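Worth saying up front: this structure is predicted, and the values here are computed from it rather than measured. Residues take their numbers from the sequence shown, with the count starting at 1.
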Amino acid sequence: MNVADAGASVEQRAALLLQLRRAGVQNLAVMRAIETAPRELFAPHKFKDLARRDIALPIGCGQTMPSAAELARALEALAPQPQHRVLEVGAGSGYATTALARLAREVATFERFETLAIEAERRLAALSIANARVLFADGLAPSRSLGSFERMILHVAVEEPPQALLDLLAPDGVMIFGRLAPAAPGERRRARLMRLELAGGAARERDLGPCRLAPALAGVASAL
């Protein structure tokens, strides 16, 4: 790396950290995980010049990759710890999975589009990430054989968290998901980012504000 490239890299990292600070992110571990999962490694080639901007990017199969600030906001609320197992619904490009792998002991990430699952797995291997696995399967209906998870994050919006996921959430576990809000006829349904925490056998929810998560689709895609 020459001097000019090194200077640009430092400036890019500083700009990224400023984006996260402006979004209200304070957790240093989350900020570091986001910093070491550069979005340009996960963005399609034609969008690489936009990867450092605080916007969502298309990644194929009609899906999007969250901005760094959106992801950091969700991960800070999720609060994964080094001893935790994390279940992720919606691997997408593998961007969020990579950040999660920096924060948790193990990550099982589901992707309903086979093309995206293959590409995400390839990126994780290229980054030598050994504690995350990509499953081409319906993340809304995981097998009980996977065991329990202390943390879950859904990159989709649902009316209510699927029971199949709640059954795998460990006692005192935390789930981050989008909840679809009611909409008037003809209007697009919007979503709110929610934090669900199990405590003493009861579920407590906290509304974290509006989010851009799309409605969940059940099953795996028949094409792509």
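- A side-chain donor-acceptor contact under 3.5 Å links R102 to the backbone of T36.
- Annotation: salt bridge (charged side-chain N to carboxylate O under 4.0 Å, His left out) contacts of D207 (sequence neighbours excluded): R192.
- The pair E70-R212 meets the salt-bridge criterion, since a charged nitrogen lies less than 4.0 angstrom from a carboxylate oxygen.
- Checking side-chain atoms of R105 against main-chain N and O of Q83 turns up a donor-acceptor pair under 3.5 Å.
- Under a 3.5 Å cut-off, the side chain of N27 and the backbone N or O of A79 do not form any donor-acceptor pair.
- Of the possible polar contacts, one joining the R39 side chain to the R53 backbone as a donor-acceptor pair under 3.5 Å is found.
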Show me the side-chain donor-acceptor pairs of residues 119-126 shorter than 3.5 Å, one per line, residues at least two apart or across chains.
| residue | atom | partner | partner atom | Å |
| --- | --- | --- | --- | --- |
| R123 | NH1 | S93 | O | 3.0 |

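- Ion pairing of E205 with R179 is present here, as a side-chain N (NZ or NE/NH1/NH2) and a carboxylate O approach within less than 4.0 Å.
- Between L154 and P162, the shortest heavy-atom distance links the atoms CD2-CD, 4.4 Å.
- Between the R112 side chain and the V89 main chain, no donor and acceptor come within less than 3.5 Å of each other.
- Taking CG of L78 as the start and CG of L100 as the end, the distance is 6.5 Å to the nearest 0.5 Å.
- At distances below 3.5 Å, at least one donor-acceptor pair connects side-chain atoms of R189 with backbone N or O atoms of A181.
- With E111 contributing its side chain and V134 its backbone, the two residues share no donor-acceptor pair below 3.5 Å.
- Distance alone, capped at 3.5 Å, is enough to place a donor-acceptor pair between the Q19 side chain and the R52 backbone.
- For residues 134-155, the salt bridge (Lys or Arg N to Asp or Glu O under 4.0 Å) pairs, not counting sequence neighbours, are R144-D167.
- To the nearest 0.5 Å, atoms CD1 (I176) and CG (L208) are separated by 5.5 Å.
- The shortest non-hydrogen separation linking A96 to E88 is CB-OE2, 3.3 Å.
- Side-chain atoms of E106 do not come within 3.5 Å of backbone N or O of R85 as any donor-acceptor pair.
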